[in-house]
Amino acid sequence: MKILLVTSVFVPEISGAATYSLGLAQELSKIGYLITVLTYSNSSQEFSFPVWRIKKGNFWGRIIKMFFLVLKRGREFNVFYTVGGISGS
């Protein structure tokens with residue numbers, strides 16, 4: 001099963017949502033789920049699963065980029081799981 005985990009914050013940022021999202025992605029990946037994380041980040045840290053990053057910057061610009069990325073690539077996934085709000089203020 002392919003899962004798209006959408007979160008406004010992800011490691012290396014420090015927050016409860018970032019820590020939770022990383023743990024969830026790692027554990028689901030260990031038991032065989034195909035996880036992809038979609039987040040706002042300027043980091044290039046690598047993980048054992050794909051992380052799609054939308055560069056932080058203009059608020060509305062990144063919201064629109066996330067919307068169109070999900071619209072374009074969403075059919076590849078069986079499940080969308082969001083952690084917190086996706087606006088990432």
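Position 1 is the first residue of the sequence; numbering continues from there.
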Exercise. Could you give the distance from CD1 (I54) to CE (M66), rounded to the nearest 0.5 Å?
Worked result: 4.5 Å
Exercise. Is there side-chain contact between V11 and Q45, with at least one heavy-atom pair below 4.5 Å?
Worked result: yes
Exercise. So F80 and F77, would you call those rings parallel, tilted or perpendicular, with 30° and 60° as cut-offs?
Worked result: tilted
Exercise. Atom CD1 of I35 and atom CD1 of I3: how far apart are they, to the nearest 0.5 Å?
Worked result: 4.0 Å
For this session: Write out all pairs satisfying side chain to side chain donor-acceptor pair (under 3.5 Å) with one or both partners inside residues 49-58, taking only residues at least two apart or from two chains.
Result: E13-K56
Please list every donor-acceptor pair under 3.5 Å in which a side-chain atom of residues 19-28 meets a protein atom from a residue at least two apart or in another chain.
unit_1: T19; atom_1: OG1; unit_2: S15; atom_2: O; d: 3.1
unit_1: Y20; atom_1: OH; unit_2: Y81; atom_2: OH; d: 3.0
unit_1: S21; atom_1: OG; unit_2: A17; atom_2: O; d: 2.7
unit_1: E27; atom_1: OE2; unit_2: K30; atom_2: NZ; d: 3.2

Problem set entry | M1 vs L34, side chain to side chain contact (heavy atoms under 4.5 Å, CB included): CA-CA, chis, key distance, verdict | CA-CA 6 Å; M1 179 178 296; L34 301 174; over 6 Å; no
Problem set entry | Linked, directly or transitively: Y33 and F10 (ILVMFWY side chains, under 4.5 Å) | yes
For this session: Please list, chain by chain and in numerical order, all residues satisfying side chain to side chain donor-acceptor pair (under 3.5 Å) with E76, sequence neighbours excluded.
Result: R73
Exercise. Would L38 end up clustered with I63 when hydrophobic side chains under 4.5 Å apart are linked, directly or stepwise?
Worked result: yes
Problem set entry | Stepwise side chain to side chain contact (heavy atoms under 4.5 Å, CB included) check, V83 with L5 | CA-CA 7 Å; V83 178; L5 194 156; 3.9 Å; yes
Exercise. Heavy-atom distance under 4.5 Å between the side chains of T39 and V51, does that happen here?
Worked result: yes
Problem set entry | Set of residues satisfying side-chain contact (heavy atoms from CB on, under 4.5 Å) with respect to I14, sequence neighbours excluded | none
Exercise. Can you find a pair of side-chain heavy atoms, one from F59 and one from Y40, that are under 4.5 Å apart?
Worked result: no
For this session: Linking directly or through intermediates, with side-chain heavy atoms under 4.5 Å: list the remaining ILVMFWY members grouped with F68, chain and number order.
Result: I64, F67, L71
Seminar exercise, completed: Looking only at heavy atoms, the pair that brings T7 and V9 closest together is OG1-O, 2.9 Å
